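Notes follow the structure.
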2 protein chains.
Amino acid sequence: MDILISNSGGTPIYDQITRQMKGLILRGELAEGEALPSMRLLAKELRISVITTKRAYEELEREGFITTVPGKGCFVAPRNLELVREETLRRAEEHLSQAVEIARTGGVTLSELIETLQLLYGEDEHE
Amino acid sequence: MDILISNSGGTPIYDQITRQMKGLILRGELAEGEALPSMRLLAKELRISVITTKRAYEELEREGFITTVPGKGCFVAPRNLELVREETLRRAEEHLSQAVEIARTGGVTLSELIETLQLLYGEDEHE
DNA sequence: CATACTGTATATACTTGACATATACAGTAA
DNA sequence: TTACTGTATATGTCAAGTATATACAGTATG
């Protein structure tokens with residue numbers, strides 16, 4: 001399993017795992033139904049605690065990327081893109097909501113928000 | 001000065017002050033150029049520390065609502081709505097940016113974001 | 001059943017950031 | 001000088017986030 005962890009980057013370990021796993025799944029390098037490395041194995045490889053890998057996997061499950069079966073393992077979920085998108089939208093919505101609250105109390109119009117959103121979405125920066 | 005502080009509401013003191021001051025200014029109850037209560041006076045009235053009132057006033061200045069003159073006091077800034085709006089937009093932009101980052105990695109389209117934004121903006125809930 | 005895997009739950013430690021403070025400093029003005 | 005103004009520093013408290021060890025529970029197979 002090709003997961004790389006950097007301790008000197010600020011981003012938490014569990015998050016690094018989650019992101020990279022998402023990438024593997026979305027790029028098809030982990031096929032539908034395929035088993036992920038067990039929490040213990042991955043923890044051993046990365047020299048971290050099981051609890052941390054668990055947390056990463058929990059996040060993946062919450063977002064619909066994997067299904068986890070106690071006693072058996074974690075498996076790549078059937079590619080339910082619609083569900084993943086909805087989950088993502090829900091998370092994005094929280095941020096949009098905050099933006100809206102700020103905007104309304106400061107006289108920023110909806111069109112301005114939309115305009116800004118379009119600019120941001122168009123940009124190619126990912127980090 | 002009619003500022004009310006609730007210790008049992010979760011929202012920090014400095015934030016309560018900032019919000020209420022904004023309200024007073026936007027509603028014109030504090031006129032342009034008028035002096036705000038001094039940090040010390042307000043602190044005494046509210047039975048809190050000067051540092052806390054300072055923090056509240058700093059936020060107000062950062063957002064362009066007041067100007068503060070060391071040794072003299074804090075004064076309602078000339079109504080520069082344009083500037084206030086730009087500042088607000090800048091703050092909102094941070095949240096929009098996060099929403100976009102999430103959205104892009106999960107296959108959520110720009111139009112979906114915009115749609116959600118419109119819904120949120122239309123709603124009448126403020127808290 | 002025994003063994004060796006899976007994931008899960010609990011209680012704990014560490015670190016960081018947010019919030020609020022007291023106290024000492026510096027500018028302004030009568 | 002006195003009495004106001006805002007400012008800076010160093011400190012204290014608390015909650016949240018991150019990661020952990022250890023003990024528990026389900027699954028499968030010889």
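Lettering follows sequence order; numbering is per chain, from 1. What you are looking at is a predicted structure, and each value in this text was computed from that prediction instead of being measured.
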Along DNA chain C (nearest heavy atom to each residue), the more 5'-positioned of Arg40(B) and Glu58(A):
Glu58(A)
Test salt bridge (Lys or Arg N to Asp or Glu O under 4.0 Å) applied to Arg85(B) - qualifying residues, sequence neighbours left out
Glu112(A), Glu82(B)
Would you please name every residue forming a side chain to side chain donor-acceptor pair (under 3.5 Å) with Arg79(A), sequence neighbours left out?
none
Given that Ser38(B) and Asp15(A) both sit by DNA chain D, which one's nearest nucleotide is further toward the 5' end?
Ser38(B)
Could I get a table of every N or O pair under 3.5 Å where one atom is in the protein and the other is in nucleotides 27-30 of chain D?
unit_1  : atom_1 : unit_2   : atom_2 : d
dA28(D) : OP1    : Lys72(A) : NZ     : 3.2

With sequence neighbours left out, what residues match Glu93(B) under salt bridge (Lys or Arg N to Asp or Glu O under 4.0 Å)?
none
Going by side chain to side chain donor-acceptor pair (under 3.5 Å), name the residues that satisfy it together with Arg27(B), two or more places apart in sequence or in a different chain.
Glu29(B)
Which residues pass the side chain to side chain donor-acceptor pair (under 3.5 Å) test with Asp15(A), not counting sequence neighbours?
Arg19(A)
Looking across every strand, which nucleic acid part, if any, lies under 4.0 Å from Tyr14(B) by heavy atom: base, sugar-phosphate, or nothing?
sugar-phosphate
side-chain contact (heavy atoms from CB on, under 4.5 Å) against Thr105(B), all qualifying residues, sequence neighbours excluded:
none
Counting only heavy atoms and a strict 4.0 angstrom limit, can you tell me which residues of residues 46-54 of chain A come near DNA chain D?
Ile48(A), Ser49(A), Ile51(A), Thr52(A)
Taking only residues two or more places apart in sequence, or in another chain, which ones meet Arg62(B) in a salt bridge (Lys or Arg N to Asp or Glu O under 4.0 Å)?
Glu59(B)
Compare all side-chain heavy atoms of Ile48(B) with those of Leu42(B) and state whether any distance is below 4.5 angstrom.
no
Let me know the distance between CD1 of Ile13(A) and P of dG17(D), rounded to the nearest Å.
17 Å
Across all chains, not counting sequence neighbours, the salt bridge (Lys or Arg N to Asp or Glu O under 4.0 Å) partners of Glu58(B) are Lys54(B)
Not counting sequence neighbours, which residues clear side chain to side chain donor-acceptor pair (under 3.5 Å) with Glu34(A)? List them please.
none
Going 5' to 3' on DNA chain C, which nucleotide is the first and which the last to come under 4.0 Å of a heavy atom in chain A?
dT6(C) to dA9(C)
